[in-house]
Amino acid sequence: MINITFPDGNVRPFEAGVTAIDIAKSLSEGLARNVLSAGIDGEVWDATRPIQKDAKIQLYTWNDPAGKATVWHSSAHLMAEAIEQLYPGVKFGIGPDIENGFYYDIDTGEKTLTEADLTDIEKRMIEIARGKQTFNRIEVSKAEAEKYFTEKGDEYKLELISELTDGQITLYKSGTFTDLCRGPHVPDTSMIKAVKLTSIAGAYWRGDEKRKQLTRVYGITFTKAKELEEYLVLLEEAKKRDHRKLGKELELFTFSQKVGAGLPLWLPKGAQLRERLEQFLKKVQKEAGYLPVITPHIGNVNLYKTSGHFDKYGKDSFRPITTPIEGEAFFLKPMNCPHHCEIFNAKPHSYKDLPIRYAEFGTVYRYEQSGELHGLTRVRGFTQDDAHIFCTPDQIKTEFKGVIKIIMRIFKALDFKEFVTQISLRDPNNKEKYIGSDENWEKAETAIKEVAVEEGLEAILVEGEAAFYGPKMDFMVKDAIGRKWQLGTIQVDYNLPERFDLSYIGADNDRHRPVMIHRAPFGSMERFVAVLVEHCAGNFPLWLSPEQAIILPISEKYQNYAEKVLQFLNNSDIRALIDDRSEKAGKKIRDAELKKIPFMLIVGEREEAEGSISLRRHGQGDVGTFSLQQLADMIHEEESRMQQA
RNA sequence: GCCGAUGUAGCUCAGCUGGCCAGAGCAGCUGAUUUGUAAUCAGCUGGUCGGGGGUUCGAAUCCCUCCAUCGGCUCCA
């Protein structure tokens with residue numbers, strides 16, 4: 001007999017060789033039907049794998065991430081089996097589960113898979129799944145594994161095997177398909193009820209662009225048909241929120257082939273929105289002691305040689321601009337910090353001056369590979385809400401707190417309710433790849449960790465994720481439909497002060513090296529606006545909305561009154577317009593709803609008589625009649641509520 | 001940059017097994033209508049069918065090439 005410990009601490013004896021399914025059955029038949037895999041002493045096992053010794057058990061169902069992963073991993077096998085049956089002779093790379101489903105990298109040889117083939121594969125997968133195939137775990141020696149895949153002629157699997165340790169190799173056989181695999185898998189394929197192959201793409205073998213490109217097929221599966229439907233609804237919702245689509249519909253920005261790929265053109269409404277964001281941050285930064293600076297869009301190549309960026313990125317940048325006579329080379333600036341370092345260097349500094357905070361909405365240009373461009377989130381010219389804080393090592397902590405305060409204020413003003421903080425630290429086993437003294441790193445990392453605790457941030461610590469020049473703190477927001485976006489960042493930099501030989505005179509009358517902190521609460525205006533659009537689905541907070549109110553006269557007869565209302569609103573600093581087309585109210589309302597204008601003010605005979613408006617709020621419908629003053633107060637109250645600290 | 005797909009009016013799309021003058025809806029313009037909480041009616045305007053080259057008597061349609069966009073890969077100071 002062996003002792004099995006349950007998550008609640010209960011211990012019960014079972015026969016040696018018992019499986020997780022057996023154990024689940026002893027609890028309830030229903031549970032047993034839903035068990036997908038099991039955690040055995042912290043390792044994920046097949047629910048059908050015999051347990052030979054005392055162990056802690058955890059049963060995974062669809063509600064556990066590990067359970068889903070088991071289903072998706074099994075689905076990758078299922079898909080491979082289907083593909084192998086349909087297109088014999090294909091070879092397989094790797095086929096893991098991912099955050100939302102799974103993929104398999106396949107060398108399809110002569111055959112080119114296209115989207116049209118996906119339906120056939122899906123059908124075959126469902127057929128196989130219904131066959132209730134089991135996944136049989138086979139422990140093999142390295143030689144046996146090599147023999148199998150040599151005979152099969154799958155060089156990819158052989159390459160994977162060559163890196164494995166003999167004695168730890170397992171194969172899984174399900175139906176006609178045998179795969180090199182660590183497992184675990186679901187008890188049988190009938191648990192996979194719904195299949196959707198989502199896309200097909202090229203992917204380099206082992207992520208190496210010098211190696212062969214395989215065909216990657218992405219898919220997702222579910223244990224209930226209804227879950228697939230829900231998933232498809234979510235995909236639809238994401239499509240509706242796509243900032244590229246909404247950006248066009250709401251006339252925020254556009255691109256022109258003539259201007260160039262990845263170079264966004266901000267349309268009047270988008271520019272207004274962006275300006276409002278900038279003004280908001282400028283105001284907040286002014287209060288926080290930032291000093292605005294302005295630097296040019298190009299810089300001499302020597303600037304980037306000093307900063308080190310030339311060596312690292314020079315080859316992958318836009319080609320330099322040269323002067324006609326002297327032949328001097330200038331680069332479009334890919335970042336603002338080198339310029340800011342030179343501003344710091346423009347005069348000597350005392351420790352009493354620090355911290356110094358230079359802020360600039362600086363437009364930078366980076367050559368992104370053509371396949372990388374994506375709406376406003378990945379562009380070749382963008383504006384960072386950049387600032388560089390020059391301070392002493394002892395001031396890092398306070399400065400971080402100051403920046404966090406700004407970031408929190410922004411999140412609040414834009415209704416980002418959920419976010420996580422990530423602190424990226426250096427790899428403790430590889431300290432030599434980082435610049436800066438051990439003592440300084442220790443100091444900065446400790447300071448950042450303490451700040452997170454003191455500010456009550458839920459921070460994830462990730463070792464080895466720091467840049468070579470310093471540790472950093474990043475903020476990841478969750479948008480309205482649960483997607484994660486990386487936004488604000490705060491980074492400590494020991495490198496640039498060194499390279500630019502920055503210094504200040506300390507109380508001891510000696511020269512000291514300041515620390516530099518890069519920070520951008522929005523990141524870039526382009527990316528931030530994109531995320532904001534997707535988060536609020538184009539329904540911007542009132543204070544940002546390019547058009548806050550639209551006046552809808554019932555007929556031409558009320559045009560004069562509509563203009564009086566407009567004047568009142570303009571005088572009250574409210575952005576409004578009149579829809580004076582000779583359309584029916586229903587049509588005007590429909591169009592205003594589609595344009596996502598927050599307040600619709602309907603004016604007709606009654607309103608004119610009593611000097612009021614009939615208010616309809618976007619997405620809510622009729623909310624009643626208000627006086628003009630009441631309306632203005634309502635709008636102002638809502639605007640300022642979100643922007644407050 | 002790589003793999004695959006796509007590119008027709010301002011927008012969304014049809015036509016694309018080569019052959020009447022390239023179509024529709026919305027938007028725009030003109031006129032009628034004077035309207036009460038998500039689409040009033042009629043008429044009109046608008047397109048080098050992404051650019052270039054080729055095959056053909058004839059190309060939006062077939063081929064080549066370049067560009068852009070989309071889904072991924074690689075990259076991201």
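Keep in mind that the numbers below use all heavy atoms, side chains included, and drop hydrogens, waters and symmetry copies. Every chain is numbered from 1, with letters handed out A, B, ... down the list of sequences.
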Verdict with supporting geometry, A/Lys557 and A/Glu608, salt bridge (charged side-chain N to carboxylate O under 4.0 Å, His left out): CA-CA 10 Å; A/Lys557 286 186 240 162; A/Glu608 177 163 20; over 6 Å; no

Residue pair A/Glu159, A/Trp205: steps toward the side-chain hydrogen bond (donor to acceptor under 3.5 Å, both in side chains) verdict: CA-CA 11 Å; A/Glu159 184 177 328; A/Trp205 170 233; 3.1 Å; yes

A/Asp208 and A/Arg206: CA distance, side-chain angles, deciding distance, salt bridge (charged side-chain N to carboxylate O under 4.0 Å, His left out) verdict: CA-CA 5 Å; A/Asp208 183 345; A/Arg206 315 214 83 180; over 6 Å; no

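Distance check on atom P: B/U45 versus B/C29 gives 16 Å, rounded to whole Å. Look at the P atom in both B/C70 and B/U12: the space between them is 13 Å, to the nearest Å. Spacing of P atoms, B/G4 relative to B/A42, comes out at 49 Å, to the nearest Å. The C1' atoms of B/U48 and B/G43 are separated by 28 Å, rounded to the nearest whole Å. B/A14 and B/U6: their P atoms are spaced 12 Å apart (whole Å). Look at the C1' atom in both B/A22 and B/C16: the space between them is 12 Å, to the nearest Å. Comparing B/C11 with B/A5, their C1' atoms are spaced 22 Å from each other, to the whole Å. The same atom, P, is picked in B/G23 and in B/C49; the two are 14 Å apart, to the nearest Å.
Between A/Tyr469 and A/His518, the ring-plane angle classifies as tilted under the 30° and 60° cut-offs.
Contact annotation for A/Ala201: base contact, defined as any heavy-atom pair under 4.0 Å involving a base atom. Within 4.0 Å of A/Gln491, counting heavy atoms only, lies no atom of the nucleic acid at all. As judged by a 4.0 angstrom heavy-atom cut-off over every strand, A/Glu115 is placed among residues making no nucleic acid contact. When heavy atoms are screened at a 4.0 angstrom cut-off, A/Gly371 is found touching base atoms of the nucleic acid. Residue-level contact check: A/Leu214 touches neither bases nor backbone, having no heavy atom under 4.0 Å from any strand. A/Lys588 comes within 4.0 angstrom of nothing in the nucleic acid, heavy atoms only. Residue contacts shown for A/Arg616 include a base, since a base heavy atom lies under 4.0 Å away. Heavy atoms of A/Lys312 sit nowhere under 4.0 angstrom from any nucleic acid atom. At a threshold of 4.0 angstrom between heavy atoms, the contacts of A/Glu249 with the nucleic acid are absent. Among the protein residues, A/Gly207 comes within range of the sugar-phosphate backbone only, with heavy atoms under 4.0 Å from sugar or phosphate atoms but none that close to a base. As judged by a 4.0 angstrom heavy-atom cut-off over every strand, A/Gly314 is placed among residues making no nucleic acid contact.
Counting atom types as modelled, A/Arg244 pairs no side-chain N or O with a base atom of B/C70 as donor and acceptor under 3.5 Å. Contact annotation: side chain of A/Ser582 to base of B/U33, donor-acceptor pair present below 3.5 Å. On a pure distance criterion of 3.5 Å, no polar donor-acceptor pair joins the side chain of A/Arg211 and the base of B/C2. With hydrogens and angles ignored, no donor-acceptor pair closer than 3.5 Å exists between the side chain of A/Glu368 and the base of B/G1. For a distance-only test at 3.5 Å, the side chain of A/Tyr204 qualifies as a donor-acceptor partner of the base of B/G1. Put simply, the side chain of A/Gln213 and the base of B/C2 share a donor and an acceptor less than 3.5 Å apart.
B/A38 atom P lies 14 Å from atom CD of A/Gln620, rounded to whole Å. When rounded to the nearest whole Å, the span between CG of A/Leu373 and C1' of B/G1 equals 12 Å. Rounded to whole angstrom, the span from the CZ atom of A/Arg590 across to the P atom of B/G25 amounts to 16 Å.
With hydrogens and angles disregarded, a donor-acceptor distance shorter than 3.5 Å links the side chain of A/Trp441 to the backbone of A/Ile435.
With distances taken from any side-chain atom of A/Ile602 to the nucleotides B/U34, B/G36, B/C75, the minimum falls on B/G36.
Heavy atoms of other residues, nucleotides or ligands lying less than 6.0 angstrom from CD of A/Gln486 number more than 12.
The aromatic ring of A/Tyr218 does not sit over the base of B/G72; the criterion of centres under 5.5 Å apart with planes under 30° is not met.
No hydrogens or angles considered: nothing links the side chains of A/Tyr494 and A/Asn440 as a donor-acceptor pair under 3.5 Å.
You'll find the ring centres of A/Tyr358 and A/Phe390 inside the 6.0 Å limit. Between A/Phe222 and A/Tyr231, the gap from one ring centroid to the other is short of 6.0 Å.
Comparing A/Thr114 and A/Ile554, the nucleotide of RNA chain B nearest to each residue sits closer to the 5' end for A/Thr114. Of the two residues contacting RNA chain B, namely A/Asp242 and A/Ala585, the nearest-nucleotide position lying further toward the 5' end is that of A/Ala585.
Residues satisfying the ring pair (Phe, Tyr, Trp, His ring centres under 6.0 Å) criterion with A/Phe92, sequence neighbours excluded, are A/Tyr104, A/Phe177.
In secondary-structure terms, RNA chain B builds stems of at least 3 consecutive Watson-Crick or G-U pairs, each pair having both distances under 3.5 Å, at B:1-7 with B:67-73, B:10-13 with B:23-26, B:28-32 with B:40-44, B:50-54 with B:62-66.
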